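Dropping the structure in here first, questions after.
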Amino acid sequence: MHLAYPAVLAVLLFCTGLYGVLARRNAILVLMSVELMLNAVNLNLVAFDVWLRDTLHAGQALTLFTITVAAAEIGIGLAIVLLVYRNRGSSDIDQLRDLAERPDGADAAATDRQPDTEAEATA
């Protein structure tokens with residue numbers, strides 16, 4: 001088996017996943033694209049393991065660890081996406097920017113300005 005065939009396939013999978021991460025706004029599609037990128041890395045690990053004829057099969061062992069980490073990442077990622085969807089009604093990534101907390105000073109400054117404008121309006 002030539003090394004070029006799985007390497008080219010891995011590059012195509014990785015580029016497709018990278019496009020999905022950069023172009024999509026839906027959080028579930030972004031997670032699926034990350035999985036595609038991890039599978040491209042797994043394909044490279046196994047292909048180089050077979051090509052080098054490693055007696056310890058280190059590439060295949062690393063692939064098992066990568067699959068385990070990817071499964072944990074998807075489980076946690078989907079839990080977060082479902083929680084955001086339940087609270088917000090949408091899993092759009094652009095709306096996730098609204099989840100950032102404001103510094104305490106910004107909230108205090110906003111509350112200090114409101115009474116001043118109300119006092120000026122009543123005077």
Side-chain angles (χ1 to χ4, degrees):
M1 177 177 83
H2 294 291
L3 184 62
Y5 298 132
V8 168
L9 180 62
V11 166
L12 290 174
L13 282 173
F14 193 85
C15 289
T16 304
L18 186 65
Y19 173 75
V21 167
L22 295 176
R24 300 293 176 200
R25 296 185 187 272
N26 190 352
I28 294 175
L29 291 177
V30 170
L31 286 175
M32 288 174 57
S33 298
V34 169
E35 283 295 316
L36 210 62
M37 291 167 46
L38 286 173
N39 285 330
V41 171
N42 287 338
L43 181 62
N44 269 335
L45 284 172
V46 172
F48 275 100
D49 183 51
V50 170
W51 185 65
L52 293 173
R53 293 184 178 91
D54 187 15
T55 57
L56 295 176
H57 299 292
Q60 293 178 16
L62 285 173
T63 299
L64 289 175
F65 285 119
T66 307
I67 290 171
T68 305
V69 168
E73 173 240 339
I74 285 297
I76 293 171
L78 280 177
I80 292 170
V81 169
L82 288 175
L83 185 65
V84 167
Y85 181 77
R86 189 179 298 163
N87 288 337
R88 298 273 179 169
S90 173
S91 62
D92 190 13
I93 292 178
D94 291 335
Q95 292 179 356
L96 292 180
R97 295 181 193 157
D98 298 337
L99 295 175
E101 293 183 18
R102 295 180 183 160
D104 292 334
D107 289 337
T111 56
D112 289 342
R113 292 180 192 157
Q114 290 174 354
D116 292 339
T117 56
E118 290 174 5
E120 291 173 3
T122 56

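Computed from a predicted structure; not experimentally measured.
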Note to self: What's the separation between atom CG in Leu62 and atom CG in Asn44, rounded to the nearest 0.5 Å?
What the structure shows: 12.5 Å

Next item on the list: Only pairs at least two apart or in different chains count here, so list each ring-ring contact (aromatic ring centres under 6.0 Å, His included) that has a residue in residues 1-58.
Entry: His2-Tyr5

Margin query: Using the rule side-chain contact (heavy atoms from CB on, under 4.5 Å), only one of Val21, Leu36, Val81 pairs with Leu31; which is it?
Written below: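 Exactly one candidate clears the test, Val81.
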
Next item on the list: Report yes if the side chains of Ile93 and Arg24 come closer than 4.5 Å at any heavy-atom pair, otherwise no.
Entry: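 Contact flag for Ile93/Arg24 side chains = no.
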
Item checked: Nearest atoms (heavy-atom pairs only) where Ser33 meets Gly17 ->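 Result for this residue pair: CB-O, 3.3 Å.
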
Notebook entry, point to check: Are Ile80 and Ile74 connected, step by step, through hydrophobic side chains (Ile, Leu, Val, Met, Phe, Trp, Tyr) whose heavy atoms are closer than 4.5 Å?
Noted result: no

Check: Rounded to the nearest 0.5 Å, how far does CG of Asn39 lie from CG of Leu9?
Finding: 10.5 Å

Checklist line | Sequence-distant partners of Thr63, side chain to side chain contact (heavy atoms under 4.5 Å, CB included), two or more places apart | finding: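 Partners of Thr63 under the side chain to side chain contact (heavy atoms under 4.5 Å, CB included) test: Asn42, Leu45, Val46, Ile67.
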
Notebook entry, point to check: Roughly how far, to the nearest 0.5 Å, is the CD atom of Gln60 from the CG atom of Leu64?
Noted result: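 Result: 8.0 Å between the selected atoms.
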
Note to self: Let me check something: do Val11 and Leu43 share a hydrophobic cluster, defined by ILVMFWY side-chain heavy atoms less than 4.5 Å apart, either directly or through other members?
What the structure shows: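 No, Val11 does not connect to Leu43 through the hydrophobic network.
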
Next item on the list: Over all heavy atoms of both residues, which pair between Val30 and Gly20 is shortest? Give the atoms and the distance, please.
Entry: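 Answer, listing the atom of Val30 first, then Gly20: CG2-O, 4.3 Å.
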
Margin query: Looking at every heavy atom in both Ala10 and Ala40, which two are closest together, and how far apart are they?
Written below: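 Closest heavy-atom pair between Ala10 and Ala40: O-CB, 3.3 Å.
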
